[in-house]
Amino acid sequence: MEQLPTFQIPELELVFLLIVKVFLLLAAFLYLVFAILVTRQISLMKQTLETPFSGIVSILGWLHLLAALFVMLIFALVL
Amino acid sequence: MPDIFNSSDQNQKSSKHPKESMKHKSEESSSTPKRKGSRFFTDHPKSKSLLAAFATNPVDVCFNTQDHGEQILLLLRQHPITQIAWIATAVGMALVPILLNFIGFLSFMPANYLLAGLVGWYMLISGYALESALKWFYNVYIVTDERFIDIDFDSLLYKNVSAAKIDSIQDVTAESKGVLAAFFDFGHIYLQTAAEKREFEFLSVPHPQRIKKIINELILEEEQEEIEGRVR
């Protein structure tokens, strides 16, 4: 089996991991903004159209926002 | 048919919180005596399904511009089979990390980075699935005993609500194209309104021929009401 590429120079590896870390944190932040937008939009749509399922949709939106916040915290702590 | 915005009572209601106002409208519409011409209420069952794509006389459903006593006769969404593309995409995306793990593509990365990447990836999938599901859920077409309402929710940043009165409809066309549409009985409904107004489209809705028949009946009822002077 062909040998997979590995980092030989420690400094290069550190730089690469730092770039990945910044990228992941930035992505998590953008995702958090997206989750806030989703929650806001659900709230607006709930005012436009009320159905028996609207409450469940709202809960899903809030759970999604909490998960996004949790993921950002995890990224900040673990990476 | 009087203008809904001219009613003084309506103006008083508009000062209330939208949710309260909507609930009030819903209660009121269910308690208001049905109009003589609306045979639809007795001819079709009440739908209690939460996620129906074709709901006749839906229970506990209201929208914010609903008029006094205005009854929702039909609530339409795109046929569920048309949502298969984003569901398949989400499932496919969910399998990507398993595939990458299998071929050992990211084995050089530290474990904590791999875990973070995995969590981030699945969050991305859940966001995509949620947005797609919301788009389907809130992209609805409503037929009331007075109007057609098209609520568009194309993306998170775009919402459009348009309405046309039944008596402004000049032509109704039902179109069903393709093998899937023929097999699952869904298609498009085009409502041509009066001149210089754009066409209303109910896209990929279930039972297009049945909807066309219902709309034609409603147009006839409306014309009959006008003749008999029973218009609101």
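Numbered from 1 within each chain, the chains take letters A, B, ... in sequence-line order.
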NZ on A:Lys46 to CG on B:Asn64, rounded to 0.5 Å: 14.0 Å
Hey, which of A:Val78, A:Val71, A:Leu24 is the one that makes side chain to side chain contact (heavy atoms under 4.5 Å, CB included) with B:Val119? A:Val71
Side-chain heavy atoms of B:Ile142 within contact of A:Leu49, under 4.5 Å: yes
Shortest non-hydrogen pair, A:Pro52 vs B:Val59, comes out as CG-O, 3.7 Å
Given that the side chain runs from C-beta out, which part of B:Tyr113 has a heavy atom under 4.5 Å from chain A: side chain, backbone, both or neither? both
What I'd like to find out is whether the side chain of A:Ser54 reaches to under 4.5 Å of the side chain of B:Tyr138, using heavy atoms alone. yes
Can you tell if the side chain of B:Met109 reaches within under 4.5 Å of the side chain of A:Val20, non-hydrogen atoms only? yes
Mind ranking B:Gly127, B:Gly120, B:Pro110 by heavy-atom pairs under 4.5 Å with chain A and telling me who comes out on top? B:Gly127
Is any side-chain heavy atom of A:Thr51 closer than 4.5 Å to a side-chain heavy atom of B:Pro58? no
Note, A:Thr48 side chain near B:Lys159 side chain (heavy atom, < 4.5 Å): yes
If you round to the nearest 0.5 Å, how far is CE of A:Met72 from CE of B:Met123? 12.5 Å
Would you check if A:Val38 and B:Leu130 make a side-chain contact, meaning some heavy-atom pair closer than 4.5 Å? yes
Whatever's closer than 4.5 Å to a heavy atom in chain B on A:Ala68 counts as both
Heavy-atom nearest pair, B:Ser126 first then A:Tyr31, reads OG-OH, 3.6 Å
Is it the side chain or the backbone of B:Leu51 that comes within 4.5 Å of chain A heavy atoms, both, or neither? side chain
Go through A:Leu44, A:Ile56, A:Val57, A:Ile74 and name the one with the most non-hydrogen pairs under 4.5 angstrom from chain B. A:Val57
Side chain, backbone, both or neither: which part of A:Ala67 has an atom under 4.5 Å from a heavy atom of chain B? both
So does B:Trp86 have more than 12 non-hydrogen atoms from other groups sitting under 6.0 Å from CH2? yes
